[in-house]
Amino acid sequence: MTLNQILYFNMIVKTGNMRQAAEQLYIAQPSLSASIACLEKELGVKLFHRRHQRLHLTPEGEAFLEHAEIILHEIESARNHMEQMSEKRETMLRIGSISTPFCNYFPDIFCQFLALPENKNVQFTLDSENTLRLVYGLEKGIYDIILCSKTNDPTLKQYPIISNQLIFLCPRDKYSKPETWEALAAMNLIGYEKKSAMDGILEDIALSQNVHFNFVYRAPNEESIVSLVEHGLGPALLPRNSYINPQLSVEYPLPYNTVIQRQIYLTIKKDFLYYGATGRFIDFLLQKAKEDSPDK
């Protein structure tokens with residue numbers, strides 16, 4: 001049994017089709033068929049049976065899939081482990097984040113981290129995305145760590161490090177403070193991309209207050225939403241942030257002075273050993289969060 005055979009088997013399971021699997025693997029279909037036939041002969045079982053023009057796993061194939069997934073997971077873990085230990089990982093950090101920390105948080109944190117002697121040669125690459133795309137990038141190895149909203153992914157571990165209070169932001173001289181949730185729900189609002197983490201947070205707030213928010217415009221992050229508000233396109237519910245220009249917009253508390261915090265989490269892979277610059281930066285962020293915590 002070879003690693004290629006396991007990879008081939010896994011791709012056929014994903015596609016359910018020998019031709020499509022061969023195309024994804026960039027090999028000839030006869031070669032793929034022959035490789036799977038050899039694997040079945042070695043194992044002494046049939047792994048697939050054909051039904052309605054698709055390949056389906058036999059009971060033996062289902063059992064083998066469990067082992068195959070464990071093997072592929074362990075190989076990926078080994079690759080990531082070795083990559084973390086490499087010289088490149090000692091001096092390079094790949095960070096993905098939602099937009100809010102870029103204005104003030106990251107510049108200050110980077111300066112403090114780089115001032116430590118062991119970090120003088122560390123370099124950063126930064127990328128801004130929404131939480132869903134960041135989680136995907138972390139899982140695929142595009143990022144070493146991410147800063148994002150809450151996620152329920154069981155393969156990840158999250159630590160709260162930044163807290164921002166939600167506010168009502170509106171163009172100057174065009175709106176007054178919404179005294180009730182019903183008054184707020186009657187407005188045409190600027191919101192976040194559908195299915196983004198912040199969109200989900202606002203939906204939960206609306207549900208808890210028994211109202212429905214009317215989003216007529218949507219944007220990907222705080223920076224773009226603030227810009228739309230300050231150009232007079234309407235008000236928004238969003239976390240307080242450094243992009244806001246008090247000369248162009250006004251911020252009010254939520255109805256009934258309700259206080260709701262948006263947490264930003266340092267997010268890393270669970271049960272994964274971090275080395276080099278990445279490990280030191282994670283420890284640094286957690287220590288800073290502990291120092292800044294009101295409960296310390």
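Computed from a prediction, not measured in an experiment: that's the story for all the values here.
- A distance-only check finds no donor-acceptor pair linking the side chain of Tyr217 to the backbone of Ile225 [under 3.5 Å].
- Between Tyr175 and Phe168, the ring-plane angle classifies as perpendicular under the 30° and 60° cut-offs.
- For the residue pair Asn130/Ser196, the side-chain donor-acceptor check at 3.5 Å is not satisfied.
- Residues Ile12 and Leu47 are not in side-chain contact: their nearest non-hydrogen atoms beyond the backbone lie 4.5 Å or more apart.
- A salt bridge links Lys46 to Glu40: at least one charged side-chain nitrogen sits closer than 4.0 Å to a carboxylate oxygen.
- Looking at Leu189 and Pro235, their side chains come closer than 4.5 Å, going by heavy atoms from C-beta outward.
- Using a 4.5 Å heavy-atom threshold, the side chains of Phe124 and Leu114 count as touching.
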Open item on the list: With side chain to side chain donor-acceptor pair (under 3.5 Å) as the criterion, how do Lys288 and Gln112 come out once you've worked through the C-alpha distance, each side chain's angles and the decisive distance to 0.1 Å?
Closed with: CA-CA 10 Å; Lys288 293 297 296 182; Gln112 294 181 52; 2.8 Å; yes
TODO: Any chance you could lay out the side chain to side chain donor-acceptor pair (under 3.5 Å) test for Asp153 and Thr155, step after step, and finish with the verdict?
DONE: CA-CA 6 Å; Asp153 191 320; Thr155 67; 2.6 Å; yes
In a table with atom names and distances, give each donor-acceptor pair under 3.5 Å that connects a side chain of residues 181-188 to protein atoms at least two apart or in another chain.
from   : atom 1 : to     : atom 2 : distance (Å)
Trp181 : NE1    : Gln209 : OE1    : 3.2
Asn188 : OD1    : Asn214 : ND2    : 2.6

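- Judged as a side chain to side chain contact (heavy atoms under 4.5 Å, CB included), and not counting sequence neighbours, the contacts of Lys140 are Tyr136, Ile142.
- Every residue meeting the side-chain hydrogen bond (donor to acceptor under 3.5 Å, both in side chains) condition with Glu60, not counting sequence neighbours, appears here in chain and number order: Thr58.
- Side chain of Ser35 to backbone of Ser31: no donor-acceptor contact under 3.5 angstrom is found.
- Residues Ile244 and Ile167 meet the side-chain proximity criterion, which asks for heavy atoms closer than 4.5 Å.
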Open item on the list: Working note: Phe9 + Phe48, criterion ring pair (Phe, Tyr, Trp, His ring centres under 6.0 Å); need CA distance, chi angles, decisive distance, verdict.
Closed with: CA-CA 10 Å; Phe9 168 79; Phe48 297 96; 5.4 Å; yes
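- Both Leu55 and Ile6 are part of a single hydrophobic cluster, where members link through side-chain heavy atoms under 4.5 Å apart.
- Phe281 and Phe284 have parallel rings, their planes meeting at less than 30° on a 0 to 90° scale where 60° marks the start of perpendicular.
- Residues Glu251 and Arg240 are paired through a salt bridge, judged by an N-O separation under 4.0 Å between the basic side chain and the carboxylate.
- Remark: Glu179 engages no residue in a salt bridge (charged side-chain N to carboxylate O under 4.0 Å, His left out) (not counting sequence neighbours).
- Counting only heavy atoms from C-beta outward, the side chains of Leu7 and Leu72 approach each other to under 4.5 Å.
- Judged by distance alone, the side chain of Ser33 and the main-chain N or O of Gln29 form a donor-acceptor pair under 3.5 Å.
- Looking only at distances, a side-chain donor or acceptor of Ser208 sits under 3.5 Å from a matching main-chain atom of Ile205.
- For Arg54 (side chain) and Thr15 (main-chain N/O), a donor-acceptor pair under 3.5 Å exists by modelled atom type.
- Not counting sequence neighbours, Asp283 has no partner by the side chain to side chain contact (heavy atoms under 4.5 Å, CB included) test.
- Using a 4.5 Å heavy-atom threshold, the side chains of Leu134 and Leu138 count as separate.
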Return all side-chain donor-acceptor pairs below 3.5 angstrom for residues 256-267, not counting sequence neighbours, or 'none' if the list is empty.
from   : atom 1 : to     : atom 2 : distance (Å)
Asn257 : OD1    : Lys177 : NZ     : 3.2
Thr258 : OG1    : Pro255 : O      : 2.7
Gln261 : OE1    : Ser163 : OG     : 2.9
Gln261 : OE1    : Gln165 : N      : 3.2
Arg262 : NH2    : Thr100 : OG1    : 2.8
Thr267 : OG1    : Gln158 : NE2    : 2.8
Thr267 : OG1    : Tyr265 : O      : 3.3

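- Judged purely by atom type and a 3.5 angstrom limit, His73 has no side-chain atom pairing as donor or acceptor with the backbone of Glu69.
- Put simply, the side chain of Arg280 reaches to within 4.5 Å of the side chain of Val122, judged on heavy atoms.
- Between Phe213 and Glu203, the closest side-chain pair of non-hydrogen atoms is not below 4.5 Å.
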Task: Candidate pair Gln24 and Gln20, rule side chain to side chain donor-acceptor pair (under 3.5 Å), full reasoning - done: CA-CA 6 Å; Gln24 292 290 322; Gln20 292 179 13; over 6 Å; no
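- Taking the six-membered ring where the residue is Trp, Phe110 and Phe106 present parallel rings, their angle staying beneath 30° rather than reaching 60°.
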